[in-house]
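Worksheet: one structure, shown below.
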Number of protein chains: 2
Amino acid sequence: MPTKTSPLIKKIEAVVPLQTDERDFIAELERDRRTVSARTDLVKQGEKYPGVGILHSGWAIRYKSLSDGRRQIVNFLLPGDAFGLFANLFELSDHSVATLTDASLSVFSPDLVAEMYRKHPKLAAAFAWFSAREEAIIAERATGLGQRTAFERMAHMLLELLKRLEVVSLANDNKFELPVTQEILADTLGLSLVHANRTMRKLRESGLIEIEGQNIFLRDVRALADVADFDDLYLYLQRMSKQAVKRFSEAV
Amino acid sequence: MPTKTSPLIKKIEAVVPLQTDERDFIAELERDRRTVSARTDLVKQGEKYPGVGILHSGWAIRYKSLSDGRRQIVNFLLPGDAFGLFANLFELSDHSVATLTDASLSVFSPDLVAEMYRKHPKLAAAFAWFSAREEAIIAERATGLGQRTAFERMAHMLLELLKRLEVVSLANDNKFELPVTQEILADTLGLSLVHANRTMRKLRESGLIEIEGQNIFLRDVRALADVADFDDLYLYLQRMSKQAVKRFSEAV
DNA sequence: CGAAAAGTTGATCTACATCAACGTGCGTGG
DNA sequence: CCACGCACGTTGATGTAGATCAACTTTTCG
């Protein structure tokens, strides 16, 4: 009886197919689960990392705060995403991580990650891939914050979420659940709450999206991509090349 | 006769002290040098990575372009910095890299990087550290773009450059060379050229900085850090912990 | 020396912020 | 089971940081 594949495994296998022992190693990592309620801090800026974590269900954010209370949400954490991977290297975190919804997650020692790197080079390659993607996502966010208008930014963010959720089967037919207040949207897009609201309305009124409660439907992905100048290259959704896998796996 | 230590070696040794063989490996990587004139593209968005590169002298930028010509400079590359490290994983680049000044650099195959990871775990640890720092820098830039005013952003950027240049001995007494046009500053900070100019003036007029040609002097670092809400934690300038080095070096 | 690149400054415009008020759903405690 | 409170969403009026437009000056460099 095959257990339901976890979001993390889905995410990994979208990039590099796994063998049984590799899948088992991940399952082992994920076995110990913790439930956490909405709006709980998992990592605190300026404090020690509690370890490395994997999100199984629910949404979280990674954000940075200024001393006067302003905050920038740097990225969303969706099911299958990891956080605190830098715990491997740095003792203190320069950012915070907090749940938005009730969530289920696993936390473990950075030593386990190091072990994984040694024993399972293919998994190491996948994690390197995810780190690189994370950086690319943040760079794209910076680009939006610096160059795009509010309208463009909002459209871009929705498309990014769609693509990322599709990988873990949480979006279908251009529809997904968006369990996020407008304040969160505002802090992600560098807008005031009021303007985030008006921007959403404009998107609705222009017929590009439809919202019902927490459910959003991107009615015209093509047109959205057009206004946002969205190109999913930065999400690196293709499979890893054999050569790249080799580089991680083989001795010279 | 000891050769002058390269910026890269300086940067690495600020994080983890090296042994002779490790230093030799880096020297080998860096031996083959190329001179490139100002405003040359080294990596092009949407195209193949030419390989992995190390900048020895001169400045460069990493930037992303929108299809209508807007561009966001995502990071500066200073002597000792690497670019195209993702060539290891991805075939196409989602960003461009271009020199700002005449520059000297080495480019080599991603296979060499993989070899380094295998043979010299301490160097692998250092490069992982730099990747993590790069991500942290971009996250901090996103935070500035989303939350800080023009004045704050400019002050913040100058402090970041100061700290980074100090590591490779290119800044002393809060003075350094800033070989950058105001257009570049504008595209970094998400401002119009005109406003970048006025913001610079305001910094000068408030006595926080002094400029003479390409040379800049941060007269009051304390006050600058105060207006910018600058905290250098994100630059991770301390040494790597023994435990972290171990994680990379040791078998379980 | 001439032309182009870079810097500077004033006038005006606008995207978005701020302030203020009100509506609506919903969880909780009496 | 109701009502009260609070989080969240919505909308109008007004303010402002920064964009845009348009000159002009200074520096750089072939």
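In what follows, chains carry the letters A, B, and so on, assigned in the order in which the sequence lines appear, proteins first and then strands, with residues in each chain numbered from 1.
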Next item on the list: Could you pull out all residues at least two apart from B:T149 that satisfy side-chain contact (heavy atoms from CB on, under 4.5 Å)?
Entry: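 B:T149: side-chain contact (heavy atoms from CB on, under 4.5 Å) contacts with B:F151, B:E152.
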Notebook entry, point to check: How would you list, by chain and number, every residue that makes a side-chain contact (heavy atoms from CB on, under 4.5 Å) with A:L170, sequence neighbours excluded?
Noted result: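 Per chain and number, A:L170 pairs via side-chain contact (heavy atoms from CB on, under 4.5 Å) with A:P79, A:L165, A:V168.
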All pairs passing salt bridge (charged side-chain N to carboxylate O under 4.0 Å, His left out) where [range] contributes a residue, at least two apart:
range	result
residues 96-107 of chain B	none
residues 220-237 of chain B	none
residues 153-164 of chain B	B:D81-B:R164, B:R141-B:E160, B:E160-B:R164

So what does [X] hit on the nucleic acid, given a heavy-atom distance under 4.0 Å: a base, only sugar-phosphate, or nothing?
X	answer
B:T149	sugar-phosphate
A:S192	base
A:G190	sugar-phosphate
B:R204	sugar-phosphate

Whole Å only: how far is the [atom1] atom of [X] from the [atom2] atom of [N]?
X	N	atom1	atom2	answer
A:L191	C:dT18	CG	C1'	14 Å
A:L193	C:dC16	CG	C1'	13 Å
B:D187	C:dA6	CG	P	12 Å
B:I211	C:dT8	CD1	C1'	13 Å
B:M200	C:dA6	CE	P	15 Å
B:L100	C:dA6	CG	C1'	14 Å

For residues 191-199 of chain B, which side-chain donor-acceptor pairs fall under 3.5 Å, sequence neighbours excluded?
from, atom 1, to, atom 2, distance (Å)
B:S192, OG, B:H195, N, 3.1
B:N197, ND2, B:Q182, OE1, 2.9
B:T199, OG1, B:H195, O, 2.6

Notebook entry, point to check: Just by distance, do the side chain of B:E91 and the backbone of B:K48 share a donor-acceptor pair under 3.5 Å?
Noted result: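 Absent.
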Check: Nucleotide range of DNA chain D contacted by chain B, 5' to 3', under 4.0 Å to a heavy atom?
Finding: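 Taking any atom under 4.0 Å from a heavy atom of chain B, the span is D:dG18 to D:dC21.
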List, with names and distances, any nitrogen or oxygen atoms from the protein found under 3.5 Å away from nitrogen or oxygen atoms belonging to nucleotides 11-13 of chain C.
from, atom 1, to, atom 2, distance (Å)
C:dA11, N6, B:R198, NH2, 2.9

Margin query: Between B:N197 and C:dG7, is there a contact of a side-chain N or O with OP1 or OP2 at under 4.0 Å?
Written below: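 So the side chain of B:N197 is outside the cut-off, no N or O lying under 4.0 Å from OP1 or OP2 of C:dG7.
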Notebook entry, point to check: If only side-chain N and O atoms of A:R153 are considered, is one of them under 4.0 Å from the OP1 or OP2 phosphate oxygen of C:dA15?
Noted result: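 It does not, given that no N or O in the side chain of A:R153 lies less than 4.0 Å from OP1 or OP2 of C:dA15.
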Next item on the list: Please name the pair of heavy atoms, one in A:R148 and one in B:R70, separated by the smallest distance, quoted to 0.1 Å.
Entry: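 It is CA-NH1, 3.7 Å.
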Next item on the list: Under the ring-ring contact (aromatic ring centres under 6.0 Å, His included) rule, collect the residues that match up with A:F176, sequence neighbours excluded.
Entry: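 Scan of A:F176 (ring-ring contact (aromatic ring centres under 6.0 Å, His included), adjacent residues dropped) gives none.
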Next item on the list: Name all residues meeting the salt bridge (Lys or Arg N to Asp or Glu O under 4.0 Å) criterion together with A:E47; count only those two or more places apart in sequence or in a different chain, and write none if there are none.
Entry: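 Salt bridge (Lys or Arg N to Asp or Glu O under 4.0 Å) list for A:E47, sorted by chain: empty.
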Margin query: Run the salt bridge (Lys or Arg N to Asp or Glu O under 4.0 Å) test against B:R133 and tell me which residues pass, sequence neighbours left out.
Written below: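 With sequence neighbours excluded, B:R133 shows a salt bridge (Lys or Arg N to Asp or Glu O under 4.0 Å) to no residue whatsoever.
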Notebook entry, point to check: Aromatic rings A:F90 and B:Y236: how do their planes relate, parallel, tilted or perpendicular, breaks at 30° and 60°?
Noted result: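 If you compare the ring of A:F90 with that of B:Y236, the planes turn out parallel.
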Notebook entry, point to check: B:Q214 or A:F151: which one's nearest nucleotide on DNA chain C is closer to the 5' end?
Noted result: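 With B:Q214 and A:F151 compared, the 5'-side residue is B:Q214.
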Margin query: Let me check the geometry of the helix from C:dC1-D:dG30 to C:dG30-D:dC1. What is the bend angle between the axes at its two ends, five pairs each, to 10°?
Written below: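 The end axes of the helix from C:dC1-D:dG30 to C:dG30-D:dC1 are about 40° apart, to the nearest 10°.
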